[in-house]
Amino acid sequence: MLQPPTLQAGDKAVILSPAGKIEPGLVNGAATLLRSWGLSVEIAGNALCEAGRFSGSVDQRLDDLQHAMDDPTVRLIFCSRGGYGTVHLLDRLDFEMIRQYPKWVVGYSDITALHAALQSHGIISLHGPMAKHFAEEGPDDIAVRYTKAILTGEPVNYDIPVTDDARLNRKGEAAGRLFGGNLSVFCGVFGTRFAYTPKNGILFIEDIGEEPYKIDRYIHQLKLSGIFERISGLIVGQFTNYSEDGGMYATLNESIAFAVSGYGFPVCFNFPVGHVRENFPLLMGKEAKFIVEENGLIFKQN
């Protein structure tokens, strides 16, 4: 796996929109914050375009992303938002230059598809907050501070206290390459050449606005594929903007716990990652270690 070099003052960053359209003010706010880090920030030519729900046509979005991936002077590709549409670009992207000149790609949600593709080409990327979070929360926000720290070379080291669903946790210790992301997006590319599923890896999942029965379906898709027989640990992040379904056999988290009950790997619930303010950045494709204990969990990537 190739890890991009740490960011330095004066490095070039590009903000682009590979999926959904976004309000210009949010992009400008994120650009201002990134400039406060000492970066030279450009907003891609099509980043603020609109084509229905998308930030421009497929060709416009592809052109921005391919140009940034190919430019050896770019050190950071900052995705403005998720939404939907990244999957349109995958089979048309050329990863040759980004392998020669690795650079950070930051984003989450629909950007899970791009992270998976990058990992399948041997490139580590950062699952982390995007323009809306940067613009609205500002430089003192914990997730923004963690993002800067990781991009500038500090190790990932999270000590997470117990949560309301700690009873569902399964204690233990796991080590392996981190993969996954947004559950529905990950399942959308699962089984394709763009999906990255390392042996003995640590899988993490999160989602927004998906009904519990759909989450149950995705989890069982993974189970039936045999993926739970190959991983060393499972991190269940934040599932938001949904209502529990009284017609289901259990709560959403309980249904996930039930689906993986026959395996021995450690499991933790309510990790601070997802469509929430405490969206802790994670290095996708990089070796990680996590320990689930009675009073919380420890997650590290050095």
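Only heavy atoms go into these numbers, but all of them, side chains included; no hydrogens, no water, no symmetry mates. Quick caveat: nothing in here was measured; it's all calculated off a predicted structure.
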Short question: side chain of [X], backbone of [Y] - any donor-acceptor pair under 3.5 Å?
{"X": "H220", "Y": "D216", "result": "yes"}
{"X": "T112", "Y": "V185", "result": "no"}
{"X": "R170", "Y": "Y263", "result": "yes"}
{"X": "R145", "Y": "D140", "result": "yes"}
{"X": "N295", "Y": "P161", "result": "no"}
{"X": "E244", "Y": "L252", "result": "yes"}
{"X": "R99", "Y": "H121", "result": "yes"}
{"X": "Q66", "Y": "D94", "result": "yes"}

Within 6.0 Å of [atom1] in [X], more than 12 heavy atoms from elsewhere:
{"X": "K12", "atom1": "NZ", "answer": "yes"}
{"X": "K289", "atom1": "NZ", "answer": "no"}
{"X": "H67", "atom1": "NE2", "answer": "no"}
{"X": "K132", "atom1": "NZ", "answer": "no"}
{"X": "E173", "atom1": "CD", "answer": "yes"}
{"X": "E294", "atom1": "CD", "answer": "no"}
{"X": "Y101", "atom1": "OH", "answer": "no"}

Query raised in the report: Going by an N to O cut-off under 4.0 Å, is there a salt bridge joining D207 and K214?
Result: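 No, this pair does not count.
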
Using the rule that Ile, Leu, Val, Met, Phe, Trp and Tyr join whenever any side-chain heavy atoms are under 4.5 Å apart, tell me whether [X] and [Y] fall into a single cluster.
{"X": "Y196", "Y": "F228", "value": "yes"}
{"X": "I231", "Y": "V189", "value": "no"}
{"X": "V27", "Y": "L65", "value": "no"}
{"X": "I123", "Y": "F179", "value": "no"}

Would you check if the distance from the ring center of [X] to the ring center of [Y] is below 6.0 Å?
{"X": "W37", "Y": "F134", "answer": "yes"}
{"X": "F280", "Y": "F299", "answer": "no"}
{"X": "F290", "Y": "F271", "answer": "no"}

Run the side chain to side chain donor-acceptor pair (under 3.5 Å) test against [X] and tell me which residues pass, sequence neighbours left out.
{"X": "D64", "answer": "N46"}
{"X": "Q301", "answer": "none"}
{"X": "D59", "answer": "R92"}
{"X": "Q221", "answer": "none"}

Query raised in the report: Roughly how far apart are I124 CD1 and R177 CZ, rounded to 0.5 Å?
Result: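 It is 6.0 Å, given to the nearest 0.5 Å.
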
Query raised in the report: At what distance, to the nearest 0.5 angstrom, does CD1 of I208 lie from OG1 of T240?
Result: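 If I round to the nearest 0.5 Å, the distance is 4.0 Å.
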
Query raised in the report: With clusters built from Ile, Leu, Val, Met, Phe, Trp and Tyr whose side-chain heavy atoms come within less than 4.5 Å, directly or transitively, what are the remaining members of the cluster of F258, listed by chain and number?
Result: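 Members alongside F258: Y213, M248, Y249.
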
Query raised in the report: Tell me, which pairs form a salt bridge (Lys or Arg N to Asp or Glu O under 4.0 Å) where one or both residues lie in residues 245-258, sequence neighbours left out?
Result: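 Residue pairs with at least one partner in residues 245-258: R167-E254.
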
Query raised in the report: H275 and N241: side-chain donor and acceptor closer than 3.5 Å?
Result: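 There is no such pair (donor and acceptor under 3.5 Å, judged by atom type) between the side chains of H275 and N241.
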
Query raised in the report: Side chains of T152 and E154: do they bring a donor and an acceptor to under 3.5 Å?
Result: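 No, no side-chain donor-acceptor pair sits under 3.5 Å.
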
Requested in this report: Would you indicate whether the side-chain heavy atoms of N182 and D110 approach each other to under 4.5 Å?
Outcome: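 With C-beta onward as the side chain, the pair stays apart.
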
